[in-house]
Colleague: 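Have a look at this one.
Scope of the values below: all heavy atoms of this structure, side chains included, with no hydrogens, waters or symmetry mates. The structure displayed is predicted, hence computed values, not measured ones.
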Amino acid sequence: MKKLATLFQDSYRELKKVGTITTMAMFGAIGIILGSLTVQIGDFIKIGFSTIANQFVYYLFGPVVGCFYGGAMDILKFIIKPTGAFFPGWTFGAMAAGLIYGSFFYKKKLSLRRVFIAELTVAVVCNMILGTLWLDMMYGKGFFVLLPMRVIKNLAMWPVNSLVFYTMTMAMEQTGIFRLIRRSA
């Protein structure tokens, strides 16, 4: 439990650094650009690409920064390109995802197993359960009616998202980009 408290304290300290804020802004801009490449499949399924930029922030700066960043990005993306009515549940889900990813990745040795577990946790908690609940609350379509298609989509994307994040992160670590970012932040 002490390790977890230290992890959150260190992440909180990261939030106070100007370099962290500017790095978050840079990855946020990349995320917004990648978000414009989102593919809409029907009314309730979207496949997006902005998650990778967000995950870099969670990996570099931890759960506290991730939680703040996830919420801020959700609101900013809504302001820039609204896709329906604003619903605070989506912001809560984005914050929860940042918290989960940051807890799994921050100051930990990245392994493919760790990435798969983190991706699955976020897919189940934030996407399948909370996301389906938000859709049910917003549109009244029925939780258990929406759940099967969301489970299929998330289980199909789980290995893809995991492999893309792991591969890109390891490549950026090997080239020294993240080391440079950490030093400047």
Side-chain angles (χ1 to χ4, degrees), residues 27-28 30-63 65-78 80-106 108 110-171:
F27 280 119
I30 293 168
I32 289 170
I33 292 166
L34 290 174
S36 67
L37 304 174
T38 298
V39 177
Q40 185 82 27
I41 303 170
D43 291 334
F44 302 108
I45 302 286
K46 289 192 293 187
I47 297 175
F49 304 97
S50 65
T51 303
I52 190 71
N54 298 346
Q55 286 175 317
F56 290 151
V57 171
Y58 311 145
Y59 171 71
L60 290 167
F61 304 117
V65 173
C67 185
F68 172 78
Y69 175 84
M73 285 304 297
D74 181 74
I75 293 168
L76 188 59
K77 285 179 188 177
F78 177 79
I80 292 171
K81 185 182 175 190
T83 56
F86 178 76
F87 184 71
W90 296 113
T91 305
F92 175 78
M95 294 173 77
L99 186 80
I100 293 167
Y101 280 128
S103 297
F104 270 95
F105 298 149
Y106 184 57
K108 299 203 172 95
L110 196 65
S111 67
L112 192 54
R113 182 176 185 268
R114 180 179 296 280
V115 172
F116 269 101
I117 293 169
E119 284 287 345
L120 182 62
T121 303
V122 169
V124 170
V125 172
C126 299
N127 301 344
M128 293 181 208
I129 296 172
L130 291 178
T132 306
L133 178 64
W134 307 147
L135 288 170
D136 177 40
M137 290 172 72
M138 289 176 71
Y139 302 111
K141 294 291 183 185
F143 184 89
F144 292 106
V145 172
L146 296 170
L147 187 61
M149 70 177 151
R150 294 185 56 79
V151 167
I152 291 167
K153 179 256 183 181
N154 279 281
L155 289 179
M157 292 303 296
W158 169 46
V160 174
N161 291 341
S162 298
L163 291 172
V164 167
F165 173 71
Y166 180 77
T167 304
M168 290 186 71
T169 303
M170 295 312 290

Colleague: Are Met168 and Phe56 close enough that some pair of their side-chain heavy atoms sits under 4.5 Å apart?
Modeller: yes

Colleague: As an exercise, state the distance from CD1 of Ile32 to CD1 of Ile80, rounded to the nearest 0.5 Å.
Modeller: 3.5 Å

Colleague: With ring centroids as reference points, do Phe105 and Phe165 lie under 6.0 angstrom apart?
Modeller: yes

Colleague: Could you give the distance from CZ (Phe104) to CD1 (Ile117), rounded to the nearest 0.5 Å?
Modeller: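 Phe104 CZ to Ile117 CD1: 6.5 Å, rounded to 0.5 Å.
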
Colleague: Drop me the distance from Thr51's OG1 to Asn161's CG, to the nearest 0.5 angstrom.
Modeller: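 Rounded to the nearest 0.5 Å, the OG1-CG separation comes out at 6.5 Å.
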
Colleague: Leu155 versus Met128: any side-chain heavy-atom pair under 4.5 Å?
Modeller: yes

Colleague: Are any of the side-chain heavy atoms of Leu112 and Leu163 separated by less than 4.5 Å?
Modeller: yes

Colleague: List for me each residue that meets side-chain hydrogen bond (donor to acceptor under 3.5 Å, both in side chains) alongside Tyr101, sequence neighbours excluded, and say none if there are none.
Modeller: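 Applying side-chain hydrogen bond (donor to acceptor under 3.5 Å, both in side chains) to Tyr101 gives Gln55, Glu119.
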
Colleague: Are more than 12 heavy atoms from other residues, nucleotides or ligands located less than 6.0 Å from atom CZ of Phe92?
Modeller: no

Colleague: Are Phe116 and Trp158 an aromatic pair by the rule of ring centers under 6.0 Å?
Modeller: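 Distance test on ring centres: under 6.0 Å, yes.
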
Colleague: Please name the pair of heavy atoms, one in Ile100 and one in Cys126, separated by the smallest distance, quoted to 0.1 Å.
Modeller: CD1-SG, 4.0 Å

Colleague: Is any side-chain heavy atom of Phe27 less than 4.5 Å from a side-chain heavy atom of Tyr69?
Modeller: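 In contact.
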
Colleague: Mind checking whether Lys141 and Asp136 have side chains closer than 4.5 Å, heavy atoms only?
Modeller: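 Of all side-chain heavy-atom pairs linking Asp136 with Lys141, none is under 4.5 Å.
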
Colleague: Would you check if Met157 and Asn127 make a side-chain contact, meaning some heavy-atom pair closer than 4.5 Å?
Modeller: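 Answer no - side chains too far apart.
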
Colleague: With Leu135 as reference, evaluate Leu130, Leu146, Val145 under the side chain to side chain contact (heavy atoms under 4.5 Å, CB included) test and give the passing residue.
Modeller: Leu146

Colleague: Work out which heavy atom in Ala94 is nearest to a heavy atom in Asp74; give both atom names and the distance.
Modeller: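 Heavy atoms of Ala94 and Asp74 come nearest at CB-CB, 3.9 Å.
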
Colleague: Check this for me: Phe68, atom CZ, are more than 12 non-hydrogen atoms of other residues, nucleotides or ligands nearer than 6.0 Å?
Modeller: no

Colleague: Looking at CG of Leu147 and CD1 of Ile152, how far apart are the two atoms once the value is rounded to the nearest 0.5 Å?
Modeller: 9.5 Å

Colleague: Measure across Ser50 and Leu34 and return the closest heavy-atom pair with its distance rounded to 0.1 Å.
Modeller: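 Ser50 and Leu34 have their closest heavy atoms at CA-CB, 3.8 Å.
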
Colleague: Taking all non-hydrogen atoms of both residues into account, name the closest pair between Val122 and Ala97 and its distance.
Modeller: CG1-CB, 4.0 Å

Colleague: Looking only at heavy atoms, which two atoms of Ile129 and Phe143 are closest? And how far apart?
Modeller: O-CE1, 3.5 Å

Colleague: Restricting to non-hydrogen atoms, name the atom on Trp90 and the atom on Gly131 that form the minimum distance, rounded to 0.1 Å.
Modeller: CH2-O, 3.4 Å

Colleague: Out of curiosity, Tyr106 OH to Phe61 CZ, how far, rounded to the nearest 0.5 Å?
Modeller: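 It is 8.5 Å, given to the nearest 0.5 Å.
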
Colleague: Do any N or O atoms from the side chain of Lys81 and from the backbone of Gly35 form a donor-acceptor pair under 3.5 angstrom?
Modeller: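 Judged by distance alone, no pair lies under 3.5 Å.
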
